[in-house]
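Convention: sequence-line order gives letters A, B, ...; per-chain numbering from 1.
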There are 4 protein chains.
Amino acid sequence: MALWSGRFEENTSNFALTWGASLETDKAMAEHDIAGSLAHARMLSEQGIISEEDFSAIEAGLDRILGQIQNGTFAWDGADEDIHMAVERALIADIGPAGARLHTGRSRNDQVATDIRLLAKELADDLLSENRALRDVLLDTAEKHVDAVMPGYTHLQHAQPVLLSHHLLAYFWMLTRDHTRLAAAYDAADENPLGAAALAGTSYPLDRERTTELLDFSATIPNSLDAVSDRDYLLDLEYACAVSMMHLSRLCEEIVLWSSSEFGFITLSDAWSTGSSIMPQKKNPDFAELTRGKTGRVVGDLVSLLVTCKGLPLAYNKDLQECKEGALDAADTLLDCYVVMKGMLATMSVHRDRMAAAARAGFTAATDVADYLAKKGMPFREAHAVVGQLVLSCEKRGCGLEDLSLDDLRAASGLFEADILGTLDPESIANARTTYGGTALDAVLIQLEEAREVLEADYLW
Amino acid sequence: MALWSGRFEENTSNFALTWGASLETDKAMAEHDIAGSLAHARMLSEQGIISEEDFSAIEAGLDRILGQIQNGTFAWDGADEDIHMAVERALIADIGPAGARLHTGRSRNDQVATDIRLLAKELADDLLSENRALRDVLLDTAEKHVDAVMPGYTHLQHAQPVLLSHHLLAYFWMLTRDHTRLAAAYDAADENPLGAAALAGTSYPLDRERTTELLDFSATIPNSLDAVSDRDYLLDLEYACAVSMMHLSRLCEEIVLWSSSEFGFITLSDAWSTGSSIMPQKKNPDFAELTRGKTGRVVGDLVSLLVTCKGLPLAYNKDLQECKEGALDAADTLLDCYVVMKGMLATMSVHRDRMAAAARAGFTAATDVADYLAKKGMPFREAHAVVGQLVLSCEKRGCGLEDLSLDDLRAASGLFEADILGTLDPESIANARTTYGGTALDAVLIQLEEAREVLEADYLW
Amino acid sequence: MALWSGRFEENTSNFALTWGASLETDKAMAEHDIAGSLAHARMLSEQGIISEEDFSAIEAGLDRILGQIQNGTFAWDGADEDIHMAVERALIADIGPAGARLHTGRSRNDQVATDIRLLAKELADDLLSENRALRDVLLDTAEKHVDAVMPGYTHLQHAQPVLLSHHLLAYFWMLTRDHTRLAAAYDAADENPLGAAALAGTSYPLDRERTTELLDFSATIPNSLDAVSDRDYLLDLEYACAVSMMHLSRLCEEIVLWSSSEFGFITLSDAWSTGSSIMPQKKNPDFAELTRGKTGRVVGDLVSLLVTCKGLPLAYNKDLQECKEGALDAADTLLDCYVVMKGMLATMSVHRDRMAAAARAGFTAATDVADYLAKKGMPFREAHAVVGQLVLSCEKRGCGLEDLSLDDLRAASGLFEADILGTLDPESIANARTTYGGTALDAVLIQLEEAREVLEADYLW
Amino acid sequence: MALWSGRFEENTSNFALTWGASLETDKAMAEHDIAGSLAHARMLSEQGIISEEDFSAIEAGLDRILGQIQNGTFAWDGADEDIHMAVERALIADIGPAGARLHTGRSRNDQVATDIRLLAKELADDLLSENRALRDVLLDTAEKHVDAVMPGYTHLQHAQPVLLSHHLLAYFWMLTRDHTRLAAAYDAADENPLGAAALAGTSYPLDRERTTELLDFSATIPNSLDAVSDRDYLLDLEYACAVSMMHLSRLCEEIVLWSSSEFGFITLSDAWSTGSSIMPQKKNPDFAELTRGKTGRVVGDLVSLLVTCKGLPLAYNKDLQECKEGALDAADTLLDCYVVMKGMLATMSVHRDRMAAAARAGFTAATDVADYLAKKGMPFREAHAVVGQLVLSCEKRGCGLEDLSLDDLRAASGLFEADILGTLDPESIANARTTYGGTALDAVLIQLEEAREVLEADYLW
């Protein structure tokens with residue numbers, strides 16, 4: 001019989017019990033459950049609600065159970081609905097009536113909420129740490145190739161030359177924002193629901209501030225109904241994961257493109273590639289694709305929880321049991337993807353020559369030719385039209401803008417003079433973009449320094 | 001070393017291999033993989049591409065492996081990426097070079113597609129079967145309470161009395177549509193991709209019609225690129241599951257409402273309820289809530305796959321590996337929920353008196369009073385206004401429309417006559433709605449008969 | 001005052017009325033609303049529920065209103081909640097009491113359901129038609145370039161040469177499946193809810209079969225509660241749109257890739273490209289990108305409706321008002337994207353030489369070399385390893401497999417003989433894949449014929 | 001011809017131009033576009049890039065255009081792709097070459113990003129303000145009914161009595177978290193992308209800090225590629241809206257329940273209700289339902305943008321044009337819903353007697369009876385079982401726990417003494433829950449004070 005079965009005349013159907021149980025998912029929070037119980041019991045004893053002897057017995061019993069779980073000797077019982085029942089049952093079996101006093105002034109509702117919050121904090125903490133590690137690798141990679149030139153794209157068309165380092169730094173900043181979102185999710189989880197009991201608080205003289213302190217929460221939740229029914233912090237965590245996965249999907253798309261025969265900008269290391277069962281020549285960017293594909297999974301996790309929470313009246317409803325699995329899945333997925341991205345980036349070979357050659361193609365100098373005219377006084381819109389015509393004629397002649405003679409140029413506009421020559425190679429063009437945040441090497445070096453400072457500050461988080 | 005590692009100089013990182021592996025999920029299709037390989041090998045031998053001896057060895061070897069997998073003695077190797085590699089590796093270890101010939105004219109791409117389609121058909125088939133079983137229970141339950149009256153609601157406000165059987169039949173028809181969707185998903189899966197090889201077909205003289213026949217597919221896919229990259233049938237399956245879960249969520253919402261102290265229309269059996277760890281009086285409709293909550297999970301599965309497929313170029317991309325887990329999850333979830341719904345419905349107690357009493361409250365006779373006036377010649381819009389005023393005055397007097405005297409009524413309109421009296425009880429009102437599809441008992445009996453016929457036809461599916 | 005305000009003592013807040021109104025969205029179904037009212041009125045008169053005179057007045061009045069709406073002279077009144085109220089108000093103002101009799105035996109609930117179903121049928125019909133038109137263009141384009149060779153990709157790595165026509169046909173088959181889904185959505189909508197009244201049917205002797213016939217529905221919905229609360233057909237429509245958008249997003253991704261400087265396989269016409277405000281050389285595949293981007297929009301529409309319907313008790317709830325806008329948006333979006341895809345495909349230039357050259361790169365002959373060895377008796381897995389080593393050495397020497405001499409080849413395996421030479425160019429390799437559904441020209445011609453037959457059958461839909 | 005058409009030989013298809021245009025959606029950011037242009041022009045002039053005369057002409061011209069837009073006299077031209085082109089075209093038409101110099105050192109890419117960020121800040125600001133206004137109403141409503149007792153629910157079963165004020169405060173805290181999320185979205189938008197030009201920065205000596213200051217951004221984006229392609233702040237805004245809508249959907253579900261005949265806890269004012277076209281008695285909580293239904297819409301908006309952004313390579317891609325409409329829709333929807341909730345809450349009538357009577361039903365005293373025994377020394381798990389049996393016997397006798405005599409109680413356990421009597425009414429039970437965050441009146445008064453302080457601090461945001 002279940003611990004709650006006093007008023008029941010018939011057993012719950014075995015199918016239903018097994019199906020409604022969350023024990024497998026719950027095992028991820030076994031340690032958090034025991035930590036929560038220890039804090040609750042210590043506070044109960046300090047408040048004189050249970051005796052010191054009972055507390056000592058509970059503490060010793062929970063320690064034994066924790067040890068058994070950690071070393072794999074704990075006797076899981078399929079009949080336990082969840083981790084909370086499993087631990088309480090084992091405790092009562094071990095220490096008797098003192099164990100049955102642990103649940104005084106507590107309900108599974110606030111107990112569950114406490115455990116999930118402790119777990120969410122741990123997940124967020126792990127993600128924050130791997131996020132920083134990946135950003136470190138991005139900075140290292142940017143520094144390693146700091147002056148390599150590549151085509152900058154818009155609409156996947158060559159736009160203007162940029163530095164590879166500048167391009168990689170764009171991802172650094174995306175991931176920096178993800179760090180902010182993950183930290184916000186951590187903060188959202190960092191409030192203590194224990195003491196809310198089933199939904200209304202309790203008549204036992206609990207000291208909620210004390211469990212807040214013992215469990216290292218930074219605040220105590222001020223409303224018991226909200227305490228047992230709020231899962232926003234899991235939404236925040238899943239959302240942070242979904243956006244970060246979206247960012248990784250963009251980088252992975254580029255890794256896939258750059259690894260293609262057509263682009264040929266990079267070669268992934270054998271260690272971060274796979275082959276084909278039928279095509280002996282293949283070396284596939286499998287892990288970039290899989291990361292990109294897993295974006296769907298994490299977006300799905302976020303949607304799941306939003307759908308589940310929609311329209312639920314207060315306070316706790318069983319629907320909420322569904323919330324843990326998705327959050328664990330989202331966090332685990334992103335954590336692994338961070339590791340994978342580090343591995344791919346740190347070991348890939350960059351083909352600077354292919355990149356530089358590509359940076360020349362596609363008339364990437366066109367903006368600078370128009371700017372040249374504009375600086376000589378031609379309104380920009382006119383200059384744009386003049387250069388558009390030049391591009392069209394180059395395309396027909398099969399040459400680039402940098403291949404045009406001064407005569408060719410002056411035929412289009414008398415404003416062209418000799419100083420235009422020799423300024424249209426990709427390196428010169430990139431290095432001319434010296435505004436703050438621009439792609440000139442000097443600007444990128446400043447950006448790198450700023451990025452290092454931001455990352456250092458995040459390490460102190 | 002992996003079976004595809006000929007051109008690799010370095011091993012793939014262990015982290016990446018483990019992370020990229022799908023072996024755990026794949027185990028659900030071990031039998032399908034072996035069935036696919038057997039069909040392929042038989043066809044190869046019939047076409048003279050491999051020898052009969054090789055085929056015999058392959059057949060015997062695959063049978064042994066199947067046996068081992070089924071009785072749990074198969075030696076899984078964590079190094080295997082997926083089920084396909086696991087089986088092929090074991091086969092080669094067992095029978096030598098003949099095993100190495102199995103993959104002739106086949107790629108993992110068409111092999112995977114074949115296996116997933118076989119699995120999808122099985123999942124759809126199981127769901128179709130449980131869908132019918134649940135509809136059977138719905139019809140039984142409707143018949144059991146065929147003339148019980150309850151309030152019909154719009155906006156959760158009392159609208160007009162309806163029969164509980166009529167109400168339950170609404171869900172029968174929703175689930176009938178789900179049967180259609182599940183069958184469409186089955187049909188979508190029921191086409192043979194084997195022989196598409198990696199993406200382009202093969203130069204071996206395969207007989208694709210033969211494997212179509214051997215594997216009991218109803219058609220052969222006419223384009224090899226589509227064959228290896230299409231996962232629409234999984235989307236169809238997940239979509240059918242999502243809509244059906246949405247339907248169940250509506251019924252579960254009602255079960256939760258009806259079980260509440262305020263409604264008190266039904267009591268779930270102890271076997272399909274749970275209690276509270278802290279509140280001794282509680283008997284919770286946990287399984288209805290959990291089913292409702294799992295709607296989010298299945299919608300999430302559908303979203304995941306749509307996101308994953310978005311923007312993928314042809315043909316196979318590793319992103320697609322993500323597609324299996326969600327489809328399995330969606331199908332398993334719905335399957336269990338069908339079982340749970342059967343259990344709850346078949347064992348719940350219906351409180352006819354509470355329902356009938358409620359059917360009286362909320363002025364559910366108002367439409368009929370307005371219709372009475374309209375039938376006597378008053379334009380309906382006017383009649384509506386007259387009755388609106390009557391309701392307002394009843395509300396202030398704290399009585400119902402059926403409590404008004406003929407004088408009261410005639411004060412509102414001279415069209416009222418004695419024949420109005422005695423027609424305003426819920427049973428009379430419900431039974432007056434005799435149009436096809438209406439809630440009168442006679443109409444419901446016809447509907448029940450029609451529903452039984454539809455269900456019988458679906459059993460022949 | 002609203003037509004339903006009899007029992008109200010206070011007006012509804014103007015903010016609320018305006019916000020709750022759906023008139024703007026509803027205008028798309030003005031004609032359907034009038035068609036539904038005409039059928040209802042005719043049936044009422046045929047059943048003797050209203051007089052023939054009343055029907056004549058209603059018919060003439062509705063015709064006038066329809067004319068006004070069509071020629072833009074109808075006096076919309078912001079105070080009308082929805083199209084149904086707008087038309088009824090105008091009718092009563094026009095013809096008096098007869099107009100007030102139109103709503104006899106009908107509720108807005110079944111009226112709305114009827115209108116939306118008529119609209120959904122029209123939307124599905126338009127989409128089916130444009131789907132076929134786009135598939136026609138795909139077939140034309142495939143025929144135009146029937147023997148152009150390009151690299152076939154898996155993981156965006158060169159895999160094996162394929163014909164461009166074969167590649168385009170893959171999309172034909174995807175869109176053929178979408179036709180099936182759209183037709184299923186049409187069928188789902190094609191059932192008559194009229195006569196369900198508010199939720200329970202009515203005591204008026206309606207002939208529901210008659211309105212089914214008059215409105216050209218193919219069946220009459222057998223349950224009144226289901227009739228007013230079912231929106232599955234909109235889900236089916238949105239789902240069909242979402243999957244088809246996903247398919248288009250894949251083709252658009254390829255158009256973007258193929259238009260890039262690196263691929264250079266196609267050039268979009270000026271008519272289906274745009275430029276840049278700052279970069280004079282740019283010619284962007286804007287419309288392919290926008291189509292790809294709009295995939296998100298339609299997936300969002302589908303999710304919206306699933307979320308909205310989740311957990312709603314029977315029967316009609318106001319939440320359902322939200323269902324129309326998303327369905328219209330999804331259908332309109334897909335319809336436009338079909339037109340855009342036709343335009344882009346029909347006018348793009350294909351650079352056969354660039355494609356053919358690319359088909360040579362990336363060792364696309366490797367599978368055939370392995371197959372060659374396998375056909376000479378070497379187990380395929382060994383052959384795969386031998387060719388993997390050959391690829392590795394070619395890569396180091398900077399040559400292709402087709403550049404190896406017979407001596408080079410024989411150094412790797414004695415099974416190589418002179419017959420291997422001259423079979424490794426992309427055309428030969430592609431044309432060797434003669435299995436059904438393969439990429440050989442002969443196989444593709446058969447596939448094209450089959451596709452034309454399927455399309456012709458769909459035109460008869 | 002478009003302003004970018006220099007290199008084009010053929011006009012873009014009219015269908016495509018109209019379809020690809022975003023002018024209608026863009027109108028929401030006309031003022032932001034002009035503000036951005038003014039800041040850019042002023043900075044250009046201060047940096048000596050354009051002359052002071054040119055700036056004066058630009059400033060006067062933009063002021064004229066702004067005036068025309070605001071008073072509705074601006075001549076919109078359907079041929080304009082977007083607001084940026086519309087304004088620039090009008091400016092050049094008005095002031096000639098000076099207008100053509102405005103776009104110097106700027107691209108539509110950074111211009112668009114600037115405008116959207118300015119718009120996003122405004123939307124977030126409006127939402128923050130209405131969020132606070134709604135929380136004010138929640139606090140007022142809680143104070144008005146501060147000591148009204150109602151049943152607290154878990155699983156929609158009566159659990160323990162709570163105060164209505166406590167219940168409403170739970171929503172206050174949810175919305176407080178939403179304020180935090182909205183503020184985070186504001187902060188995410190509050191960085192200046194102007195000066196990033198097309199994607200790489202520019203060779204003009206722009207002073208980006210100056211436009212940051214002029215446009216009241218709090219920081220300058222340090223990477224030009226990120227500046228033009230980042231839309232995270234819109235995701236943040238849509239996510240904040242989605243979570244807040246989910247919270248409102250929960251409150252609306254309760255309003256719908258509480259307005260039902262079965263609950264009867266509240267009556268919405270006529271001003272915030274609607275009637276039925278057929279059922280004269282109906283008064284429907286339409287606006288609560290519609291708010292609940294619109295949750296789907298906003299979740300859909302969030303999903304749309306995540307799907308759209310997935311897998312996009314750097315930098316700007318046209319897909320991103322889709323991002324604005326969803327963000328505007330999400331923000332507008334939530335804004336209206338905040339207003340609607342305020343209206344409903346401020347004007348609803350609360351039926352304290354119905355609530356109090358309900359708080360007695362369902363054995364809501366059971367936990368306290370168990371706690372009584374536990375406080376007398378019985379382990380809580382035993383006490384739980386004893387009370388479970390008492391509940392079962394009460395249920396069979398048709399009475400409540402408070403109706404049991406001391407003898408009845410002592411028959412179950414000798415620990416019961418006279419002090420149990422008179423403590424089991426809902427008010428006493430609620431008021432016994434005095435722990436921080438509990439539902440006792442004293443605790444709620446403290447909570448209210450804390451809530452007021454938090455809200456005051458948020459007003460200073």
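- Counting only heavy atoms from C-beta outward, the side chains of A:D230 and D:M174 never approach each other to under 4.5 Å.
- For D:Q160, the parts sitting under 4.5 Å from any heavy atom of chain A are the backbone and the side chain alike.
- Taking 4.5 Å as the limit, some side-chain heavy atom of D:L235 sits within range of a side-chain heavy atom of A:M246.
- The pair D:R381-A:E88 meets the salt-bridge criterion, with a side-chain N (NZ, NE, NH1 or NH2) lying under 4.0 Å from an Asp/Glu carboxylate O.
- The aromatic rings of A:H103 and D:F380 are tilted relative to each other, their planes meeting at an angle between 30° and 60°.
- Both the backbone and the side chain of D:T202 have a heavy atom closer than 4.5 Å to some heavy atom of chain A.
- Most heavy-atom pairs under 4.5 Å with chain D: of the set A:E450, A:R101, A:E209, A:Q447, this distinction falls to A:Q447.
- Ranked by heavy-atom pairs under 4.5 Å with chain A, the list D:A383, D:A366, D:A315 is led by D:A315.
- Listed options A:S229, A:P161, A:A184 were ranked by heavy-atom pairs under 4.5 angstrom with chain D; first place goes to A:S229.
- For chain D, the option among A:D371, A:V386, A:T439 with the highest count of heavy-atom pairs below 4.5 Å is A:D371.
- For the pair A:R177 and D:D187, the salt-bridge criterion is not met [side-chain N within less than 4.0 Å of a carboxylate O].
- Within the 4.5 angstrom heavy-atom criterion, atoms from both the backbone and the side chain of D:H167 approach chain A.
- Highest contact tally toward chain D, considering only A:G438, A:G437, A:A432, is held by A:G437 [criterion: heavy-atom pairs under 4.5 Å].
- With a 4.5 Å cut-off on non-hydrogen atoms, D:L163 does not touch chain A at all.
- Residues A:L169 and D:D226 are not in side-chain contact: their nearest non-hydrogen atoms beyond the backbone lie 4.5 Å or more apart.
- Counting heavy-atom pairs under 4.5 Å between each of D:T220, D:V228, D:I429, D:V307 and chain A puts D:T220 at the top.
- Using a 4.5 Å cut-off between heavy atoms, D:T367 makes no contact with chain A at all.
- Per-residue heavy-atom pair counts under 4.5 Å with chain A were compared for D:I50, D:D236, D:D178, and the maximum is reached by D:D236.
- Between the side chains of A:K375 and D:S203, at least one donor N or O sits under 3.5 Å from an acceptor N or O.
- Both the backbone and the side chain of D:C309 come within contact range of chain A, each with at least one heavy atom under 4.5 Å from a heavy atom of that chain.
- In this structure, chain A has a heavy atom under 4.5 Å from the side chain of D:L257, while its backbone stays farther away.
- Atoms CZ and NZ, from D:R292 and A:K310 in turn, are 6.0 Å apart once rounded to the nearest 0.5 Å.
- Residue D:F172 does not touch chain A at all, counting heavy-atom pairs closer than 4.5 Å.
- Listed options A:E253, A:M378, A:R250 were ranked by heavy-atom pairs under 4.5 angstrom with chain D; first place goes to A:R250.
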When you look at A:L314 and D:Y171, which way does the side-chain contact (heavy atoms from CB on, under 4.5 Å) test go after all the steps? CA-CA 10 Å; A:L314 288 180; D:Y171 289 100; 3.6 Å; yes
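- Interface residue D:N109: only side-chain heavy atoms are found under 4.5 Å from chain A.
- Between D:L302 and A:L306 the shortest side-chain heavy-atom distance falls below 4.5 Å.
- Residues satisfying the side-chain hydrogen bond (donor to acceptor under 3.5 Å, both in side chains) test with A:Q157, not counting sequence neighbours, are none.
- For chain A, the option among D:G311, D:A451, D:A374 with the highest count of heavy-atom pairs below 4.5 Å is D:G311.
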Applying side chain to side chain donor-acceptor pair (under 3.5 Å) to A:N317 and D:Y153, what does each step give before you reach the verdict? CA-CA 9 Å; A:N317 298 283; D:Y153 298 83; over 6 Å; no
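- A 4.5 Å side-chain heavy-atom check between D:D207 and A:Y436 finds every atom pair outside the cut-off.
- Interface check for chain A: of the options D:N223, D:V387, D:V299, the most heavy-atom pairs under 4.5 Å are formed by D:N223.
- For chain A, the nearby parts of D:L206 are the backbone and the side chain; heavy atoms of each come within less than 4.5 Å.
- Of all the listed residues (A:G201, A:A443, A:G105), the one sharing the greatest number of non-hydrogen pairs under 4.5 Å with chain D is A:G201.
- If you measure heavy-atom distances from A:T435 to chain D, the contacts under 4.5 Å come from both the backbone and the side chain.
- By the 4.5 Å heavy-atom criterion applied to side chains, A:S224 and D:H166 are counted as neighbours.
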One pair to check against side-chain contact (heavy atoms from CB on, under 4.5 Å): D:D232 and A:R181. What are the steps and the verdict? CA-CA 11 Å; D:D232 285 6; A:R181 275 180 209 97; 3.1 Å; yes
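- Residues of residues 193-200 of chain D lying under 4.5 angstrom from chain A, judged on non-hydrogen atoms, are D:G195, D:A198, D:L199, D:A200 by number.
- Listed options D:G99, D:S393, D:S249, D:C252 were ranked by heavy-atom pairs under 4.5 angstrom with chain A; first place goes to D:S249.
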